[in-house]
S.K.: 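Here you go, one structure.
The figures here come from the full heavy-atom set of this structure, side chains too, leaving out hydrogens, waters and symmetry mates. We count ligands from 1, going down the list as the structure has it; atoms in each ligand are counted the same way.
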Amino acid sequence: MTRTGTAALIVAAGQGVRSGGTLPKQFATLAGKPMIAHSFAALAGHPGIDRVVVAIGQGQEAALGEALGDVEHVTGGTTRRLSVLAGLEALARGNPERVLIHDAARPFLNAAVIDRLLAALDTNEGAVPALPVADTLARNDSALGDTALGEVVPRDGLHRIQTPQAFRFNAVLAAHRGWAGEEPTDDAQMVRKAGGSVALVEGDMMLEKITYPADFAAAEARHAGGMRVRSATGFDVHRLVEGEQLWLGGVLIPHDKGLSGHSDADVALHAITDALLGTIAEGDIGTHFPPTDPQWRGADSAQFLEHAASLVTTRGGIIDFIDLTLICEAPKIGPHRAAMRDRIAALLRLAPGQISVKATTTERLGFAGRGEGIAAQAIATIRIQGEQ
Ligand code: MG
């Protein structure tokens, strides 16, 4: 059977609880959202990944729903290996060609690592992110006890192996189905033992595993320390004509005219989309959704906005605030302001308090003043890792 596409499996079945909390640590809050939500956003938002499945532990359905909403999931087994196997069996029904297997305890995953892993699968059955070992490594002196220094272990050729680990799906599924040895340390070793080649690609310090309660504070600090604020603007105009519906801010507004354009012509969502694309220097709405492409005729502009937001989150960005100004003589925006804020917030998975909707007229001057069109301008403010 032909296999196509790339799937991702997030292993989130651990029962370990952050000290002081009651939720398993993968659902505990880290840098403003549940830990698992960071890696889920990075994987689900990556353009090369088609499907994401989460393997959770027994009884964790409610915690998952609270963290991510209604997402595809399986109930894992009593070991990490069995949880991965359950996830792979669920993915097998979709015949993916490649799979990334990731631990939820490594939340800060950026798109560059995913790109390197997928590229390495062109010539290998598997690929893992790896970092060099910087510290001196030594054994304790077995004759003198645990607290006595013994021989140094040469660190040449040693690597710290991270996740996600990427595989050709057939290779890792066969390795898991046929596994009969001791509990393996990771999926890559299983593929190796089955005869597959596994490449080392450059890992990322931000992917450090969160194991102990103290790791939360360190990860928060590392994450926050690397974040930089960026703001960018967007601007759009569409013509007001008779016989069109008026969509503004994702809300259908009763009016005697509507906006004309290739899509639904929602100037507000277009301006916000351009502002978000601006924060990551990703061109503009026309770059991603060319007006010459017939598939966007009459399109719901919500999808443009969601795409721009997913590009931001894929890069590890956090959207902090959107400020929108609508420029028109009519209709009156006030009665629709709350609905627009709620709709934009829902599309961006933000709180309504993070969305500002303002309106002004131009004192009957110019095209907006004459009611020939509506203009919108927006500014988006995000935080993103500084080097990206
Ligand atoms: Mg437009």
S.K.: Assess the side chains of Asp115 and His46: does a donor N or O sit below 3.5 Å from an acceptor N or O?
M.R.: yes
S.K.: I'd like to verify the contacts: list protein N, O or S atoms under a distance of 2.8 Å from the Mg ion (ligand 1).
M.R.: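 Near the Mg ion (ligand 1), below 2.8 Å, one finds Asp236 OD2, His238 NE2, His270 ND1.
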S.K.: Charged N to carboxylate O under 4.0 angstrom, Glu125 versus Arg98?
M.R.: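 Arg98 and Glu125: not salt-bridged.
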S.K.: Less than 6.0 Å separating the ring centroids of Phe108 and His38?
M.R.: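 Yes - the distance between ring centres of Phe108 and His38 falls below the 6.0 Å cut-off.
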S.K.: Can a side-chain donor-acceptor contact be found between Ser301 and Asp264 if the only test is distance below 3.5 angstrom?
M.R.: yes
S.K.: Is Asp187 paired with Arg80 through a side-chain N to carboxylate O contact shorter than 4.0 Å?
M.R.: yes
S.K.: If you round to the nearest 0.5 Å, how far is CD of Glu220 from OG1 of Thr29?
M.R.: 8.5 Å
